[in-house]
Amino acid sequence: MKRVFLLVNALLALVVIVGGSMLWLRHNQAVAQVDQAWANTTVQPLGDIGSTRSLTILPLIERNTEPGLSGEPGVSYLVTTDSATILFDVGYNADGSAPLRRNMDALDVGLESVDALVISHLHLDHVGGWQPMIQHTFNLGGEPVDLADMPIYTPVDMTYPGSTPTTASQPTVIAPGVATSGSIAFPELFPIVLFGDPNYEQSLLIQVEGYGIVAISGCGHPTLQKILTRADALFEQPVVGIVGGLHYPNSDGKDIQPNIAYLEGYNPQIVGLSPHDSSPAAIQAFRNAFPDVYRDVAVGQAITFGA
Ligand SMILES: [Fe+2]
């Protein structure tokens, strides 16, 4: 009996060691692929794509909320410029109760006012849940909505019933002064189905007249440095800020000081860290570093910039 017990334990240990090593190898392979993809990617400056005088970012889904609205660890932001309204991600819908639709109703945001939809990346907290993620689609929750007339920009190939989303691998101008960053690779850490293969994320880049470029990020998996480096490559105007996720979920605030120092190099005029993938310590560190320009990111609290 004792011998059987020892044998089972030895087998289990072997499975753990071999399985762990395989995952570690796959992850390292993905890191190498991501590094190579970044080194091999060149983008052309966008030239004059216009600008907006005003920029408003209204979180429709976030972890933190104004009273009376629904929060969850996901992202959906309504981005409004002088000439366009863009829905950036569609939240998590973690409990299936369609919090995005509920918050839209409460905030009087109608889909008819949205000119374009941009998905930052194919993760469940940005595409409306696990099921849409594994099916490479997205879902706003609640009753299905017809988006046939709405341009949709995704970072990888995705589908939506009745629509043909554009895979915006390359930076793409979607409105005056508004462009996608193009897909930037990152090593996938999501377990089970995707672990090991690189994934791709895009940000929104918005040229604000009289200021410069504001980046809007979903999770920020590619890293702050790559997002801002991409913005530098695409625009003549300087980057003046970033709002959204930068993926510091377990940060103690000290480990991200090099990133804060990097952002300080841009002398930003607007900074807001998404609570959906940032620890309270990370948010406090950013708030401390940029006290005059820091913005809270919470459902129902509009962040305005520019004129
Ligand atoms: Fe996220």
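Note that these values count all heavy atoms, side chains included, but never hydrogens, waters or copies made by symmetry. Counting starts at 1 for both ligands and their atoms, in listed order. Residue indices begin at 1 and follow the sequence shown.
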When you compare the side chain of Ile303 with that of Val243, does any pair of heavy atoms fall below 4.5 Å?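 Yes - at least one pair of side-chain heavy atoms lies under 4.5 Å apart.
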The test is side chain to side chain donor-acceptor pair (under 3.5 Å); show your working for Gln225 and Asn259 and say whether it passes. CA-CA 8 Å; Gln225 286 81 347; Asn259 300 320; 2.8 Å; yes
Under 2.8 Å from the Fe ion (ligand 1), which protein N/O/S atoms are there?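 Listed by chain and number, the atoms are Asp125 OD2, His126 NE2, Cys219 SG, His276 NE2.
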Please table the atom pairs, donor to acceptor, closer than 3.5 Å between any side-chain atom in residues 145-156 and protein atoms at least two apart or in another chain.
from, atom 1, to, atom 2, distance (Å)
Asp146, OD1, Ala148, N, 2.9
Thr154, OG1, Val156, O, 2.8
Thr154, OG1, Thr166, O, 3.4

Assess, by modelled atom type and distance only, whether the side chains of Asn250 and Ser279 contain a donor and an acceptor separated by less than 3.5 Å.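 Asn250 vs Ser279: no donor-acceptor pair found between side chains.
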With His126, which residues qualify under ring pair (Phe, Tyr, Trp, His ring centres under 6.0 Å), at least two apart?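 Counting only residues at least two positions away or on another chain, His126 forms a ring pair (Phe, Tyr, Trp, His ring centres under 6.0 Å) with His121, His276.
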Listed by chain and number, what are the ring pair (Phe, Tyr, Trp, His ring centres under 6.0 Å) partners of Phe235, not counting sequence neighbours?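 Once residues adjacent in sequence are excluded, Phe235 has no partner under the ring pair (Phe, Tyr, Trp, His ring centres under 6.0 Å) criterion.
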